[in-house]
There are 2 protein chains.
Amino acid sequence: MDTTQRTEQQRSADRRRRELLEAADRVVLRDGPQASMNAIAAEAGITKPILYRHFGDKGGLYAALAQRHTDALLDSLRAALDAPADRRERVESTLDTYLGAIEARPQVYRFLMHPAEGGQSGEQGFDVGKHSAPLLRRMGEELATVIEERLDLGPEGQRLARVWGHGIVGMMHAAGDWWLGERPCSRAELVRSLADLLWGRLAAAGDRVGGPGF
Amino acid sequence: MDTTQRTEQQRSADRRRRELLEAADRVVLRDGPQASMNAIAAEAGITKPILYRHFGDKGGLYAALAQRHTDALLDSLRAALDAPADRRERVESTLDTYLGAIEARPQVYRFLMHPAEGGQSGEQGFDVGKHSAPLLRRMGEELATVIEERLDLGPEGQRLARVWGHGIVGMMHAAGDWWLGERPCSRAELVRSLADLLWGRLAAAGDRVGGPGF
DNA sequence: CATGCATGTTACTTGCGGTAACACGAGTGT
DNA sequence: ACACTCGTGTTACCGCAAGTAACATGCATG
């Protein structure tokens, strides 16, 4: 029948797609985000046009690749965020999960955060805005949902939650990016410092003697 | 004489360089970060090799361009940060200055934040890490210095200040990026919400009825 | 056995970063 | 007056990567 035919062929195509994505993954992990389509095709043991048949263009491949990792990371973060513990503990656990992930696979992280790098004219036919750090956006929205669900923030709670979701995620991201490059302290110290910031230590800190307060 | 000759020629070269940068600015403002060297040269009324003689490669031109805007923005931020007012007011003013800048010139902003996009193989001879968001790094370091100078944060103050500097800048950046794309609220509302977050409202918020606290 | 149809290939076009080699114009020493 | 240098500009080219067209092949089904 037609439908069974379709499903069987689609399964085959999906398997192939997954194989190609895994090959692309290996190459990106090795060469960074500037991996060429030729290199990816070679790693998969095939040639370019097949990649294009499966993913349309380089942006499509990268988007598919990014979504795999993004989904995986988001699952870990959700788990940390939903653990049975008090608020501060969960925040620290979530921060630590994120930092642990980017520490374990910096190449993947760089790819996810700067997916457009290395593209030649490929970016011309593709909207740049859609690409720029979709991971950050998704994390921000996710966190916003959690915040709004669980916290009582008054009448403007919804807007506050979204702003905070994106803001906190950005804080985590920028601090993590800087930390990953300079390694100025341990992961635990970084987590504590960020949680302290979120817990209002900035507002509570006293002015330094000899000058106006910051 | 030799020295006067040199200085005079160098002045001429500097003027030329500035003209080229302004032309490049116009093109980047129009075409986004994927502006080609050919287009920039054409806008300047010349051809490619001259650009390369002045800036070495595309990365050099982009770095020079980015530094101009980065310097300008940092000056504005410093002014807001140094104004004679209390801490909260200054924080809000700084946030507002940044958001106003990215709102006024989103193209410039996108260029500064994603300077590597649009490069073909040019990224190969250039270290990607050096390029990725140097503006964020500079803002983070700057803020860290201010925090450490003005706040009394105890024995670990130096480390805390740097973490917070980069963290706060990242918060501002991510929230601003999201806000610029979706425009979910006014600038003033965004500023207030972010300042509230920094002022500990996350820690102070009560749990929502009917579920465990976030 | 012929007909689709997915999968694979080679060979090409286009466009960009970057470079080599040449051309012109002005100031300079003899 | 003449060659020399030096900065500024050009055209023409190379290499490389994205993306495409056209052709080949294996396998199911009428």
Side-chain angles (χ1 to χ4, degrees), chain A residues 1-20 23-24 27-28 31-63 115-126 131, chain B residues 1-17 19-20 23-24 27-28 31-63 115-126 128 131:
Chain A
M1 217 190 169
D2 200 38
T3 58
T4 53
Q5 192 85 335
R6 273 279 170 82
T7 51
E8 190 173 329
Q9 290 185 351
Q10 214 163 19
R11 277 175 179 275
S12 166
D14 278 8
R15 269 185 47 201
R16 200 90 188 91
R17 185 188 168 94
R18 224 166 294 162
E19 290 172 15
L20 297 184
V27 177
V28 167
D31 297 355
Q34 74 273 11
S36 82
M37 295 296 267
N38 260 326
I40 294 173
E43 171 72 28
I46 54 168
T47 50
K48 265 194 300 178
I50 302 177
L51 284 181
Y52 283 96
R53 281 222 260 270
H54 274 272
F55 301 102
D57 62 351
K58 190 173 187 169
L61 201 172
Y62 276 27
E117 291 177 8
Q120 167 190 325
S121 56
E123 283 300 320
Q124 288 182 352
F126 219 85
H131 256 299
Chain B
M1 222 190 170
D2 199 38
T3 59
T4 53
Q5 192 84 333
R6 274 278 171 84
T7 52
E8 190 175 328
Q9 290 186 350
Q10 213 163 21
R11 276 175 179 276
S12 167
D14 278 7
R15 270 186 46 201
R16 202 89 188 92
R17 185 188 168 93
E19 290 173 17
L20 297 184
V27 177
V28 168
D31 297 354
Q34 75 273 10
S36 80
M37 294 295 268
N38 260 326
I40 294 173
E43 170 71 28
I46 53 168
T47 49
K48 266 192 303 177
I50 302 176
L51 284 181
Y52 284 96
R53 281 223 260 269
H54 274 275
F55 302 102
D57 62 352
K58 190 173 189 172
L61 201 172
Y62 276 27
E117 291 176 8
Q120 166 192 322
S121 56
E123 282 300 319
Q124 289 182 352
F126 219 83
V128 179
H131 257 297

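Chain naming here is simple, since letters A, B, ... match the order of the sequence lines and numbering starts at 1 in each.
Remark: A:Thr47 is not in phosphate contact with C:dG8, judged by side-chain N or O atoms under 4.0 Å from OP1 or OP2.
To the nearest 0.5 Å, atom NZ of residue B:Lys58 and atom CD1 of residue B:Ile40 are 6.5 Å apart. Note that CG of A:Leu51 and CZ of A:Arg53 are 11.0 Å apart. Values are rounded to the nearest 0.5 Å.
Of the two residues near DNA chain C, B:Asn38 and A:Arg16, the one whose nearest nucleotide lies more 5' is A:Arg16.
When the P atom of D:dA22 is taken as reference, atom OH of A:Tyr52 falls 18 Å away, rounded to whole Å. Remark: P of D:dA18 and CD of B:Gln34 are 16 Å apart, rounded to the nearest angstrom. Atom CZ in B:Arg15 sits roughly 14 Å away from atom C1' in D:dT8 (whole-Å rounding). Between the NZ atom of A:Lys48 and the P atom of C:dT13 there is a distance of 14 Å, rounded to whole Å. Between the CG atom of B:Leu51 and the C1' atom of D:dT10 there is a distance of 14 Å, given to the nearest Å. Following rounding to the nearest Å, A:Ile46 (CD1) and C:dT10 (C1') show an atom-to-atom distance of 15 Å. The separation between A:Glu19 atom CD and C:dT7 atom P is 11 Å, rounded to whole Å. For the pair B:His54 NE2 and D:dT10 P, the computed distance is 12 Å after rounding to whole Å.
Checking C:dT9, D:dA18, D:dT10 against every side-chain atom of A:Lys58, the shortest atom distance belongs to D:dA18. Considering only the side chain of A:Ile50, C:dT9 comes nearest among D:dT10, C:dT9, C:dC16.
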Distances under 3.5 Å between protein N/O atoms and the N/O atoms of nucleotides 20-24 of chain C, please, pair by pair.
none

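Scored by the salt bridge (charged side-chain N to carboxylate O under 4.0 Å, His left out) test, A:Arg16 finds A:Glu19 as partners (sequence neighbours excluded). Qualifying side chain to side chain contact (heavy atoms under 4.5 Å, CB included) partners for B:Arg17, counting only residues two or more places apart in sequence or in other chains: B:His54, B:Phe55, B:Ala64.
Summary for the helix from C:dC1-D:dG30 to C:dT30-D:dA1: the axes at its two ends, each from 5 pairs, differ by 30° when rounded to the nearest 10 degrees.
Counting only residues at least two apart or on different chains, the salt bridge (charged side-chain N to carboxylate O under 4.0 Å, His left out) pairs with a member in residues 34-48 of chain A are A:Arg26-A:Glu43, A:Arg30-A:Glu43.
For the pair B:Met37 and B:Tyr52, the tightest heavy-atom approach, listed with the atom from each and the gap, is CG-OH, 3.5 Å. Taking both residues in full, the closest heavy atoms of A:Ala24 and A:Leu61 are given as CB-CD2, 3.8 Å, listed atom of the first, atom of the second, then distance. In plain terms, the two heavy atoms of A:Ala39 and A:Val27 that are nearest each other are O-CG2, 4.0 Å.
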